[in-house]
Amino acid sequence: MKKPPFIYLLPCMAILFLGISCARRDSISIETALLRADTLMNARPDSALHILQQVHIPDRLAPDLHAAWRLLTVQALYKNDILQNDSLVNLVIDYYTSTQDMHALAKAYHYRGCIEKERRQPISAQQNLLQSIRLASEAGDEQMKLRSSYMLAYLYSDMRLPEKSDSMYRITERMAIEQQDTIFRIEALQHQGIIYRDYKQYELAEKYLLQAEQLSGLFADQALQKETAVQLSTLYSRIHDGSKALHYARRALEAEQDTTLYPNIYVRIGDAYYQLRNYDSVDYYMTKALLSPQHHIKVGAYMRLAKAAKARNDFVTATEMERLSRVYTDSMHIANSTTPLEHSLSYSSKPSTYSSRLYGWNNHYLWIFLALCAIVAIGILIRRRRQLLHHTYIEKEATIPILPEEDKIEVVSMQGLNILQAELKQSVCYMHMQDCIQYYKARNKSNDSVTNEDKASFYEMVNNVFPNHMNRLISAYPSLSHHDIYFCYLHLTGLSATDIGALLNRTRSFVYKKRTILLTKKMYRKKNDSFMNAILFPENLFYKNSTKIPQAFRILLK
């Protein structure tokens, strides 16, 4: 049934009403925005920065609000790792010096010290942090005093002053105990352990790191647990205790939530296996670590592969691994030498100009934008009207498939899928999958025997058979989550819907419903389309086959 023409005016009317409402709506009060930004600063600094950048700073704003906006902006930029100069924080310090607000002044000196540290000016950073500690003491702000002390200890560590750094970390730990701040206490213990480990005082290093591990177990913070496990694994690797080094490296891998950082831990696992003289495992994990794009990871992996080859008297392989290690070492030195030390981003000291440049559209520009939107919409409607004159021909053309997907899926099924399933049945991860399926059938619940390492191995096999398939899948369907991709890949194993449900601790009906939801909601295909085609051929997403794209735009895209 042909839709009436006025239906296509609805998007234009929506745009116009939205623009009018935006133009007439009063912006949120500055006080509310500052309060919201301050609340989100620690948990979500990116959201806090977005709120601060959206605030329109009028020319006649009260000085206290203007200074508060500047201080919060400096804080948000630092927490988002955005390089800046100290011009903005200098204005804050000048204002709070005149008002003698010790709390705000201590915070301002703290962040100026942090900025100077990032700009590689340690002497100036040290002076600012010491000033922050003094002002926080006068104001009775113990939390700010703790933060500045911790940052000063970290600065001393960068300056290669281990004695001063250790002393400040001890002070930080004592203050954290008094304030019952376990997070800062754990980090102070970690850094003390690292200092003693670097100076080969391994008993003290083990004492502090084990204490940090015990405290980190009280929290659900995976990052803290991972960092402590990594440091313990490094310690035991240095004292040649391969069993403990492997234990803590595996714990670090379990706690790591970012799969892109797995190669960093694979190097540590491979190093632990080298201590245990299990050279086949060394080759396996170091080869996985070579997937990292970071050159220092590749250098370490190639060096350990060379040592493993020498231990097996394979001197040809050892020579080649050493050559590759030197190549990446040279590349790393060249990259470091060409990296500019000067910061490229200079944040404006005039917040009203900065804010208006990015977000401060006034009504004049807004109406110009709306007029352009209306012109574009009218042009689309005219083009639609012309296309309707050839409606019959276009509809006929739309039904002609670009390439029969049945033929393609048959070829891929007979070749790629057979190869993948044959390799999978010989793998360890497939054995774990079968164990999980049998356990579910016996007890009607999953035993979670398929680990993240098994999934990584499974993904690697898929990408070996279908090169760069995961990137193609994510590019075509950006809405897919990590769990959705795993669900899709399980269909490449040849398992039944019942077995896939068992792996996911779900029923068979859940698998069918999940397929339909992914097809229609995230893959923008029809309900009756082949789910296997959608997985194997993600690039074959043609707009005219999508029920989510309006007919007018589908015709324009032909």
Side-chain angles (χ1 to χ4, degrees), residues 30 33-34 37-38 40-42 44-59 61-136 144 147-159 335-360:
I30 295 176
L34 297 182
D38 192 26
L40 294 171
M41 188 64 68
N42 291 325
R44 297 188 59 185
D46 54 338
S47 300
L49 179 60
H50 181 69
I51 292 172
L52 292 168
Q53 289 177 336
Q54 283 186 319
V55 174
H56 177 66
I57 305 297
D59 295 334
L61 183 66
D64 56 339
L65 291 178
H66 210 156
W69 179 88
R70 285 179 173 138
L71 181 55
L72 286 172
T73 301
V74 169
Q75 187 176 353
L77 288 170
Y78 175 75
K79 287 182 176 291
N80 282 280
D81 298 323
I82 298 177
L83 303 178
Q84 55 181 310
N85 56 35
D86 56 1
S87 58
L88 194 61
V89 72
N90 287 341
L91 295 175
V92 177
I93 290 176
D94 291 342
Y95 174 78
Y96 288 118
T97 300
S98 63
T99 60
Q100 292 298 306
D101 187 340
M102 296 301 177
H103 289 277
L105 198 56
K107 181 183 288 189
Y109 273 108
H110 171 83
Y111 282 103
R112 187 161 74 173
C114 294
I115 293 171
E116 296 296 344
K117 176 184 174 298
E118 295 299 323
R119 296 176 62 190
R120 301 183 184 181
Q121 298 181 6
I123 303 302
S124 177
Q126 176 186 357
Q127 294 173 353
N128 282 281
L129 290 172
L130 288 171
Q131 181 73 347
S132 175
I133 294 172
R134 185 184 66 81
L135 293 171
M144 181 51 62
R147 291 178 179 274
S148 295
S149 299
Y150 175 81
M151 185 56 65
L152 184 59
Y154 191 76
L155 175 66
Y156 285 144
S157 179
D158 276 358
M159 296 170 66
N336 290 337
S337 64
T338 57
T339 302
L341 298 180
E342 296 297 326
H343 298 293
S344 59
L345 176 62
S346 176
Y347 192 76
S348 172
S349 62
K350 298 180 181 180
S352 58
T353 305
Y354 176 85
S355 180
S356 62
R357 185 170 67 248
L358 293 181
Y359 298 97

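In what follows, every heavy atom counts, from backbone to side chain, and hydrogens, waters and symmetry copies are set aside.
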For this session: Mind running side chain to side chain contact (heavy atoms under 4.5 Å, CB included) on His103 and Tyr96 for me, showing each step along the way?
Result: CA-CA 9 Å; His103 289 277; Tyr96 288 118; over 6 Å; no

Problem set entry | Leu77/Val74 under side chain to side chain contact (heavy atoms under 4.5 Å, CB included): CA gap, chis, key distance, verdict | CA-CA 5 Å; Leu77 288 170; Val74 169; 5.7 Å; no

For this session: Please test His110 against Arg112 for side chain to side chain contact (heavy atoms under 4.5 Å, CB included), starting from the C-alpha separation and ending with a verdict.
Result: CA-CA 5 Å; His110 171 83; Arg112 187 161 74 173; over 6 Å; no

Problem set entry | Verdict with reasoning, Ile123 to Met159, per side chain to side chain contact (heavy atoms under 4.5 Å, CB included) | CA-CA 9 Å; Ile123 303 302; Met159 296 170 66; 4.2 Å; yes

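Judged purely by atom type and a 3.5 angstrom limit, Asp38 has no side-chain atom pairing as donor or acceptor with the backbone of Leu34. Asn80 places no side-chain N or O within 3.5 Å of a backbone atom of Ile82 that could act as its donor or acceptor partner. Side-chain N or O atoms of Trp69 include one that pairs as donor or acceptor with a backbone N or O of Leu52 at under 3.5 Å.
For the pair Glu118 and Tyr78, the minimum side-chain heavy-atom distance is below 4.5 Å. Looking at Glu116 and Gln127, their side chains never come closer than 4.5 Å, going by heavy atoms from C-beta outward. Here the side chains of Asp64 and Thr99 are not in contact, with every heavy-atom distance at 4.5 Å or above. Side chains of Lys79 and Tyr111 form a contact here, defined as non-hydrogen atoms less than 4.5 Å apart.
The distance from the CG atom of Leu40 to the CG atom of Asp46 is 9.0 Å, given to the nearest 0.5 Å. Going from atom CG of Asn128 over to atom CG of Leu155 covers 10.5 Å, rounded to the nearest 0.5 Å. Atom CG of Leu83 sits about 10.0 Å away from atom CD1 of Ile115, to the nearest 0.5 Å. Taking CG of Asn90 as the reference point, atom CZ of Arg70 lies at 11.0 Å (rounded to 0.5 Å). Rounding to the nearest 0.5 Å gives a distance of 9.0 Å between CD of Gln100 and CG of Leu135. The CG atom of Leu91 lies 8.5 Å from the NE2 atom of His66; values are rounded to the nearest 0.5 Å.
Few gaps surround OH on Tyr95; more than 12 heavy atoms of other groups in view lie less than 6.0 Å from it.
The nearest pair of heavy atoms linking Ala37 to Ala48 is O-CB, 3.4 Å. Closest of all the heavy-atom pairs between Leu71 and Val92 is N-CG2, 3.7 Å. Scanning both residues, Ser148 and Ile133, for their nearest heavy atoms gives CB-CG1, 3.6 Å. For the pair Ser132 and Ala106, the tightest heavy-atom approach, listed with the atom from each and the gap, is OG-O, 2.8 Å. Considering every non-hydrogen atom in both Ala108 and Ile93, the closest pair reads CB-CG1, 3.7 Å. The two atoms that bring Asp86 and Val89 nearest to each other are O-CG1, 3.3 Å, heavy atoms only.
By the 30° and 60° cut-offs, the orientation of the rings of Tyr154 relative to Tyr150 is parallel.
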